[in-house]
Amino acid sequence: MARANEEAAELLRELADLLSITGGDAFKIRAYEKAARAVEGYPDDISGLELPGLRKIPTVGEAIAKKLLDYNRTGTIRQVEDLRAQIPAGVRALTEIPTLGPKRAHQLYAELGVSSVAELTEAIDEGRLKGLKGFGPKSVENIRHGIELLVQAQDRSPIDVASELADDVVAAVSQVPGVERCQYTGSLRRMRETIGDVDVLVASDDPQPVMEAFKALPFVTEIIGSGDKKTSVRTSRGLQVDLRVVPPASWGAALQYFTGSQAHNIRTREIAARAGLKLSEYGLFDVESGALIVSETEDEVYRRLGLPWIPPPLREDTGEIEAAQKDALPRLVRVEDLRGDLHTHTDLTDGVASLEAMVAAAAERGLEYYAVTDHAPDLVMQRMTDEKMLAQRERIRELQKDYPNLAILHGTELNIGPDGSVDWDADFLAGFDVCVASVHSHFTQDRDEVTRRLITACENPHVNVIGHPTARSIGRRAPVDADWDEVFRAAARTGTAMEVNSFPDRLDLPADLARRALRLGVKFAIDTDAHSVGNMRNIRFAVGTAQRAWLTPDDVINAWPLPRLREFLAKKP
DNA sequence: GCCGTTTTCGGCCCGACTGTTTTCAGTCG
């Protein structure tokens, strides 16, 4: 993804925020937010574009195109600079506090001069909010509490933590008498890489016992709000859970609504409105007569809007509506499409399970092929040697006799050095069925160095897969900085696959980069990188990430039959 | 600020909950 697109999108988003603080027109603000999304998701680099080119970006009109041109020429947008001079950055930060939005953040600034979260804490402690219009005792207490939460829970939760919590809530609530259906929705159903809060939807004609049972769950630490239709709680696992109860007849419309994303829903509602219909969580209605048209299944809601059912991971308003209208949605890759795993470890290096146990688990998963890819000698702490590697190869040949339906491939995970070189010479590498190569150190090289480094690895005729390409650790380590378009072009040209790694704190490539790579003709490997038998269950998170990147089985080399995979692995000149 | 098979002007997605300015604005999703 072009860096210019991201920077320009962030400037437009800041412009929208600053205007909402200064009380700008709400529709104008929405126009900037929409344009920010469009610029971010636009396939071409905007930095070379002039006005006519910029106007081609959806939702970008005359005025925003000029602002983008301003950005292209000066690296910023003048109006943003002007507003920054008026509104300190800290005031925008105030709106991060739950229950405090742009209006009251501005009020605090205008009337009390509060321009940061720290100053707000001070003002509350000194009682300076007393008598301020709109800030009663409960509001002040909510804000104080919100600041505490903001400080301690900066981060969103990893998808595996949220996933487990959601499963627990769904299991418990499903037991309540009168509950006809129960399912988690929201960003978790869309398989976002991190989750802000868990949304659970229930179909029942009798909400009261559902709410009571929900509030009584053992991990609930605080009731944020509770009514007939909706209850929100905080849990001991740090996540907020929102429970929504709807009549069973509204199930499909509600599921569609609560799955989001918000941007996707705005689009579906616009389509409804243009057809004289109204879409809400209760159903699709005729505006004039008020008559209910459909509501029982998601499928019929979409169909009545003239669209095929859209898989949740695509629902981000990044082109899925347009694709649906043209009946050109991708047939997304699924867990059951994967025939093999190309990146796994054993206790020969840093895995915790034996070769035999890992292979048995692979057979249990029903895989057709399975690559064992222990670390190579350059990661010195793994203590790998040529002899150990060759001995493992022999054991695999023996073990193969016990698995007539599972091809066991012998591979390795090479270390990509700072200059792009890998552990072994060509002769030794030629002995492997598959080579994954990954960055494990020197994360702070500059953009040009990292780019060259990864391209050099792709150009190695024995490297088949780049493992966890950005080397990020979600919430802990930033991705390495590279010109990804250049890297992806090299990968496509050399027949090197990019990995989508399953570890919940990696999910690497991330979906946005994978989608970018897809457009440049790259193939992918969706791997567990399993270091234990239990790790194999993580595969669903990488598949979710791949779905968010619009990948189909044809884009994923380990969804291919073995002969086709072998052809790909034979690689390059 | 954007946009057009209702429109180049007048719309722009919809509803729940909270707290407070007692009839509704702000916030959230």
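Within every chain, numbering begins at 1; the chains are lettered A, B, ... in the order of the sequence lines, protein sequences first and strands thereafter. Predicted, not measured: the structure shown is a model, and the values here were computed from it.
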Report all side-chain donor-acceptor pairs from residues 271-283 of chain A shorter than 3.5 Å, counting only partners two or more places apart or in another chain.
from, atom 1, to, atom 2, distance (Å)
A:S280, OG, A:Y282, N, 3.0
A:E281, OE2, A:R244, NH2, 3.0

Worksheet entry | Identified pairing partner of B:dG19, criterion: Watson-Crick or G-U wobble below 3.5 Å | B:dC24
Worksheet item: What is the minimum heavy-atom distance between A:Q547 and A:P313, and which atoms define it?
Response: OE1-CG, 3.3 Å
Discussion item. Heavy atoms within less than 4.0 Å of DNA chain B: which residues of residues 76-100 of chain A have one? Give them sorted by number.
Written reply: A:I97, A:P98, A:T99, A:L100
Worksheet item: If you look only at pairs with a residue in residues 163-183 of chain A, which of them pass as a side chain to side chain donor-acceptor pair (under 3.5 Å), with sequence neighbours excluded?
Response: A:D168-A:R237
Worksheet item: According to the side chain to side chain donor-acceptor pair (under 3.5 Å) rule, which pairs have a member within residues 106-118 of chain A, sequence neighbours left out?
Response: A:S115-A:E119
Worksheet item: Which of these nucleotides, B:dT27, B:dG1, B:dG29, is closest to any side-chain atom of A:D242?
Response: B:dG29
Worksheet entry | Listed partners of A:E126 passing salt bridge (charged side-chain N to carboxylate O under 4.0 Å, His left out), at least two apart | A:R128
Worksheet item: Residues two or more places apart in sequence or in another chain: which of them pass side chain to side chain contact (heavy atoms under 4.5 Å, CB included) with A:T231?
Response: A:M211, A:F214, A:K215, A:S226, A:V233
Fill in: Between A:E298 and A:W309: side-chain donor-acceptor atoms closer than 3.5 Å
yes
Worksheet item: What interatomic distance, in whole Å, is found between C1' of B:dT23 and the corresponding atom of B:dC17?
Response: 16 Å
Response to the item:
With the side chain defined as heavy atoms from C-beta on, A:R269 is closest, among B:dG29, B:dC14, B:dG1, to B:dC14
Item to complete: Could you run through nucleotides 2-11 of chain B and give me one letter per nucleotide, 5' to 3': B if any protein heavy atom sits under 4.0 Å from the base, S if only the sugar-phosphate is that close, - if neither?
Response: SS--B-----
Worksheet item: If you take atom types as modelled and just measure distance, does the side chain of A:Y257 reach the base of B:dG29 with a donor-acceptor pair under 3.5 Å?
Response: yes
Worksheet item: Who are the side chain to side chain contact (heavy atoms under 4.5 Å, CB included) partners of A:K28, not counting sequence neighbours?
Response: A:L19, A:D25, A:Y32
Fill in: side chain to side chain contact (heavy atoms under 4.5 Å, CB included) partners for A:D242, two or more places apart
A:D197, A:D199, A:S232, A:Q240
Worksheet item: Using the P atom in both, what is the distance from B:dT27 to B:dT20, to the nearest Å?
Response: 13 Å
Item to complete: Answer with yes or no whether the side chains of A:T297 and A:D299 bring together a donor and an acceptor at under 3.5 Å.
Response: no
Worksheet item: Using a cut-off of 4.0 Å between protein heavy atoms and nucleotide atoms, how would you tag nucleotides 16-24 of chain B 5' to 3' with B, S and -?
Response: SSSSSB---
Fill in: Residues which pass side chain to side chain contact (heavy atoms under 4.5 Å, CB included) with A:D317, listed by chain and number, not counting sequence neighbours
A:R37, A:A263, A:R267, A:E320
Response to the item:
Ranking B:dG26, B:dC12, B:dC14 by distance to the side chain of A:E270, first place goes to B:dC12
Response to the item:
Here the residues of residues 107-128 of chain A within 4.0 Å heavy-atom distance, strictly under, of DNA chain B are none
